[in-house]
Amino acid sequence: MIIAPSLLAADHAEFGKGAIRATQAGADWLHLDIMDGHFVPNISFGPQVVKAIRPLVKNIFFDVHLMCSKPEILLEPFAKAGANQMIIHVELGERVEPLIWKLRQLGIKVGLAVNPPTAIAEVEPFLDKIDMLLVMTVNPGFGGQSFIHECLPKIQQADEWRREKKLKYRLEVDGGINNDTVAECARAGADTFVAGTSLFGQRSLKTAIAKMRKIAHANDPALADLKLNLS
Ligand code: DX5
Ligand code: ZN
């Protein structure tokens, strides 16, 4: 189980403090939402911000979500800035494959995201080439939106493929994740949870992360299978 707070929900005047706060609160990863004002109707921050944060939180895994029309121009700058993984969108079509190769060349882990209106079948050809699949549970662009329940079958399908094809990609969800929806996603097979508003909005981020982790863990289907086998 990975809990990845999204820095988008932190105070934008103090990204460094937000990153330190998340790390000290027990976050497994830090999720960094990069929006270009073209692929999505909003702008967030770029490689220079990530580079400035990196020395403040040396060891935490940076999960960089590129909601950008031209990720080609951003891979090297984010690699230099300290990204561990970059997520590109399957909606980029024929450019996905070369982007995956470029990330591999750079030694960066590869995530592939699928938006709510896009069919899950679009990601199937890439499943043996990626480290993580991100099933978006809101239309990307803004934090604080409501979880789209229609995305749950896509998570189930992605988890089924993982078992059938004996692959090991992580299965991440992002958008509207709170203590209710985290349980639904975990039951559907997700193992990596991005949460912005529901975590950064709490007075104690540490308590909020611990609680979300506990709920995700309690709803892990592998654990349910184990209990069944033991009883
Ligand atoms: C959506 C972003 C998300 C967002 C999640 O465009 O990709 O990572 O920050 O925020 P919450 O958890 O507030 O929905
Ligand atoms: Zn994101």
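Note that ligands are numbered from 1 as they come in the structure, with each ligand's atoms numbered from 1 the same way.
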side-chain hydrogen bond (donor to acceptor under 3.5 Å, both in side chains) evaluation trace for His217 with Asn219
CA-CA 5 Å; His217 192 66; Asn219 286 279; over 6 Å; no
message: Set out, in order, the CA-CA distance, both residues' side-chain angles and the distance that settles salt bridge (Lys or Arg N to Asp or Glu O under 4.0 Å) for Lys154 and Glu122, then state yes or no.
response: CA-CA 11 Å; Lys154 293 164 85 175; Glu122 298 289 321; over 6 Å; no
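In this structure, Asn84 contributes its side chain and Phe62 its backbone to a donor-acceptor pair below 3.5 Å. Remark: the backbone N or O of Leu112 is not paired with any side-chain donor or acceptor of Tyr169 at under 3.5 angstrom. A donor-acceptor pair under 3.5 Å links the side-chain atoms of Asp28 to the main chain of Ile3, judged by distance alone.
Cluster partners of Ile43, using a side-chain heavy-atom cutoff of under 4.5 Å among ILVMFWY residues and allowing indirect links: none.
Note on ring orientation: taking the six-membered ring where Trp is involved, the planes of His89 and His65 are parallel (angle under 30°, cut-offs 30° and 60°).
The only option from Arg170, Lys168, Arg213 that meets the salt bridge (charged side-chain N to carboxylate O under 4.0 Å, His left out) definition with Asp191 turns out to be Arg170.
For ligand 1, residues of the protein lying within 4.0 angstrom by heavy-atom distance are Ser6, Leu8, His31, Asp33, Met35, His65, Met67, Met136, Pro140, Gly141, Phe142, Gly143, Gly144, Asp174, Gly175, Gly176, Val194, Ala195, Gly196, Thr197.
Within the protein, the N, O or S atoms sitting under 2.8 Å from the Zn ion (ligand 2) are His31 NE2, Asp33 OD1, His65 ND1, Asp174 OD2.
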Review item, side-chain donor-acceptor pairs of residues 140-148, under 3.5 Å, at least two apart:
{"from": "Gln145", "atom 1": "NE2", "to": "Asn139", "atom 2": "O", "distance (Å)": "2.8"}
{"from": "Gln145", "atom 1": "NE2", "to": "Phe142", "atom 2": "O", "distance (Å)": "2.9"}

